[in-house]
There are 2 protein chains.
Amino acid sequence: MSVDCVIFGFDTKNLNVLLVERTLYNGNSHKPVFSDYTLTGNHIKQGENPDEAAVRILTDLIGKNDIYLEQFHTFGGVDRLTQAKDQQWIKSLGTDIAGQVFTVGYYSLIDCTSVHINDHNSRTVRWFPVNQLPELGYDHLSILRKALEQLQLKVRREPIGFELLSGKFTLTDVQRLYEAILGTTLDTRNFRKKLAQMKYIVPLHEKQQEVRHKPAQLFTFSREIYEKTKKKMSIS
Amino acid sequence: MSVDCVIFGFDTKNLNVLLVERTLYNGNSHKPVFSDYTLTGNHIKQGENPDEAAVRILTDLIGKNDIYLEQFHTFGGVDRLTQAKDQQWIKSLGTDIAGQVFTVGYYSLIDCTSVHINDHNSRTVRWFPVNQLPELGYDHLSILRKALEQLQLKVRREPIGFELLSGKFTLTDVQRLYEAILGTTLDTRNFRKKLAQMKYIVPLHEKQQEVRHKPAQLFTFSREIYEKTKKKMSIS
DNA sequence: GCAAAAGTGTTTCCGCTACACCCATGA
DNA sequence: TCATGGGTGTAGCGGAAACACTTTTGC
């Protein structure tokens, strides 16, 4: 029984996912047998519930624990691990994770510009744009697709996207973000009218600095105001 | 690792849930110690995935296997089973299900007027209106609430409600159903305009019989037409 | 003829869409 | 002064909401 986290990040251009490199070396020649990427995951420890395990995984990797996390689906069945390379990998680990065929999927949203990624068992950890993914191990491609699908549904109903932005952002940042998540383009004027209705997007007394064009107004997301004014508001 | 099914049914008036009675008898006096209800559930067998387990549970109970099923959340953690009565019950079973702290929640939609409920280990199985629930065991009340919440979200996006109606239904049936699921009332004329756009609601050459009022037109749901004309259509 | 539910149209309002130009800044 | 993105308003359309009376049947 394990947890896998689909960690989404945003860098003012692309929606990214954090992936861990997995390279299997030949025991004798030490040449790589194969190399691909996987989601960050771990087994659920004794006495933990899935939410706690997900928080632990995130905390280990990112160092903070106030991260947006959302459970989206549980995957199971032996067919999750039947690719030849996955079998090789599992065998090489020695530990018997073969029985660990269930995984609870979480997605999390973080501002990847303001975060330091900790070492993950000295394996390479990298951001990939969701539309330029490398080869993935196990069934992680389908887990990732499902996560994105659920994120797209959720973001139309609730203002969860702000977790992906830093504390201060411009309205253009928000638009780029929604465009990246939804995979569409949006009309700037109409989009801003929508945002203007959302009272929890609060203007700061501050503008962009050191840009070689008209500096944009900065805003911040107020969770308190959001909680008070929860209404059905949808984007797109 | 287990699966719990929240089985929703509709009887032209109420949205119902199928629950199983759980009565613990004192070993000596054979008097009931407590009595409450639980969802239908079972552990996941070796080699099964959660979907298969859910189908099995439904098939055992209902006898057919073409039932609408939707995974909605996974619950875990030791706190699921900490009520005193749950501990008593688990102890009485002898079998060690204490380690079985994870459960994958599914909801299913069936037409409860056209179904025969099989015996469930000779325990009483009953429909309860979702707004008149009995006392529930374990954390099944919160599982049920989550299921209903997810059902409400889903039914606004996709025409899944028809699984709850029999093959032939009137437009009023559909309205009562949506009102029951969403817990609201809906304007008849506007609701019918919505339904009229849904080409997969097909009129039959048939009307209600033996009603002491103007007989209503009967309709049926065509999945084929739905699959062809999938568009974003929402109710509410 | 009465009770009971079926069935039907129109008007109003609001939100969504489409669309183009001026502004402030740094280089 | 130019390049770059920031920022703004309006008109038209279409879907959502509000709302009341006639019809058909069984009794």
Side-chain angles (χ1 to χ4, degrees), chain A residues 10-14 113 155-157 159 165-166 168-180 182 184-199 201-220 229 231-236, chain B residues 10-14 152 155-157 159 165-166 168-180 182-199 201-220 229-236:
Chain A
F10 182 68
D11 61 4
T12 75
K13 264 188 86 176
N14 287 302
T113 62
V155 85
R156 288 163 190 265
R157 291 198 316 267
L165 299 170
S166 64
K168 298 172 185 179
F169 50 82
T170 69
L171 299 184
T172 302
D173 290 339
V174 183
Q175 185 177 344
R176 298 276 167 273
L177 171 63
Y178 274 86
E179 290 176 337
L182 298 175
T184 54
T185 59
L186 297 166
D187 180 274
T188 303
R189 276 182 283 193
N190 294 333
F191 186 74
R192 284 173 180 240
K193 271 178 265 175
K194 265 288 192 26
L195 296 185
Q197 297 168 240
M198 304 178 183
K199 299 303 168 53
I201 301 179
V202 186
L204 300 169
H205 300 292
E206 200 174 341
K207 300 198 170 195
Q208 272 183 323
Q209 299 288 330
E210 304 179 2
V211 284
R212 54 184 217 164
H213 54 76
K214 179 173 175 179
Q217 173 70 243
L218 291 174
F219 292 81
T220 194
T229 61
K231 290 275 155 55
K232 33 180 173 180
M233 288 213 166
S234 66
I235 300 252
S236 92
Chain B
F10 182 68
D11 61 2
T12 75
K13 265 190 83 175
N14 288 303
Q152 288 173 341
V155 85
R156 288 164 190 264
R157 291 200 314 268
L165 299 169
S166 63
K168 298 171 184 178
F169 51 81
T170 68
L171 298 184
T172 303
D173 290 339
V174 184
Q175 186 177 343
R176 297 275 168 276
L177 170 63
Y178 275 86
E179 290 177 337
L182 299 174
T184 54
T185 58
L186 297 166
D187 179 272
T188 304
R189 277 182 283 191
N190 293 331
F191 187 73
R192 283 172 182 241
K193 270 177 265 178
K194 266 288 192 27
L195 296 185
Q197 297 169 237
M198 304 178 182
K199 297 303 169 54
I201 300 179
V202 185
L204 300 170
H205 299 293
E206 202 176 340
K207 299 200 169 193
Q208 272 184 321
Q209 299 287 330
E210 304 179 0
V211 284
R212 55 184 216 165
H213 56 75
K214 179 172 176 178
Q217 173 70 242
L218 291 174
F219 292 81
T220 195
T229 61
K230 263 184 194 174
K231 291 273 154 58
K232 34 180 172 177
M233 287 215 165
S234 68
I235 300 253
S236 86

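Residue numbers begin at 1 in each chain, while the letters A, B, ... track the order of the sequences.
- The shortest distance between the side-chain N/O atoms of B:Arg212 and the OP1/OP2 oxygens of C:dA5 is not below 4.0 Å.
- Side-chain atoms of B:Leu165 and B:Phe10, non-hydrogen and from C-beta on, do get closer than 4.5 Å to each other.
- Applying the side-chain hydrogen bond (donor to acceptor under 3.5 Å, both in side chains) test to residues at least two apart or on different chains, none of the pairs has a partner in residues 207-220 of chain A.
- If you check C:dA5, C:dT25, D:dG7 against the side chain of B:His213, the one that comes closest is C:dA5.
- At the heavy-atom level, A:Glu210 lies nowhere under 4.0 Å from the strands shown.
- No donor-acceptor contact under 3.5 Å links the side chain of B:Lys214 to the base of D:dT22.
- Each end of the helix from C:dG1-D:dC27 to C:dA27-D:dT1 gets its own axis, taken as the rotation carrying the C1' atoms of four end pairs onto the next four within a five-pair window, and the two axes meet at 0° to the nearest 10 degrees.
- To the nearest 0.5 angstrom, B:Leu177 atom CG is 15.0 Å from B:Lys13 atom NZ.
- Residues passing the side chain to side chain donor-acceptor pair (under 3.5 Å) test with A:Asn190 are A:Asp187, A:Lys193, sequence neighbours excluded.
- In terms of polar N and O atoms assigned as donor or acceptor, the side chain of A:Lys194 never comes within less than 3.5 Å of the base of C:dT17 in a complementary pairing.
- A straight line from CE of B:Met198 to P of D:dG15 spans 13 Å, rounded to a whole angstrom.
- Using a 4.0 Å cut-off, no side-chain N or O of B:Arg189 falls inside it from OP1 or OP2 of D:dA18.
- Under 3.5 Å, the side chain of A:Asn190 and the base of C:dA18 form at least one donor-acceptor pair of N or O atoms.
- To the nearest angstrom, P of C:dA6 lies 15 Å from CG of B:Leu186.
- Of all the heavy atoms in A:Leu186 and A:Glu179, the pair that sits closest is N-OE2, 2.8 Å.
- Taking atom CD of B:Gln209 as the reference point, atom P of D:dT25 lies 10 Å away to the nearest angstrom.
- Remark: A:Glu206 CD to A:Lys168 NZ distance equals 3.5 Å, nearest 0.5 Å.
- If you take CD of A:Gln175 and C1' of D:dG6, they are 11 Å apart, rounded to a whole angstrom.
- Projected onto DNA chain D by closest heavy-atom contact, A:Gln208 and A:Lys193 fall at different nucleotides, the more 5' of which corresponds to A:Gln208.
- For the pair B:Phe191 CZ and D:dA17 P, the computed distance is 12 Å after rounding to whole Å.
- A straight line from CG of B:Asp173 to P of C:dG7 spans 11 Å, rounded to a whole angstrom.
- The CZ-P distance, from A:Arg192 to D:dT10, rounds to 18 Å in whole Å.
- Look at A:Thr172 and you'll find a side-chain N or O under 4.0 angstrom from OP1 or OP2 of D:dG6.
- Distance B:Asp187 CG to C:dT11 P: 17 Å, rounded to the nearest Å.
- Shown are B:Val174, B:Thr172, B:Leu171; of these, the side-chain contact (heavy atoms from CB on, under 4.5 Å) with B:Phe191 is made only by B:Val174.
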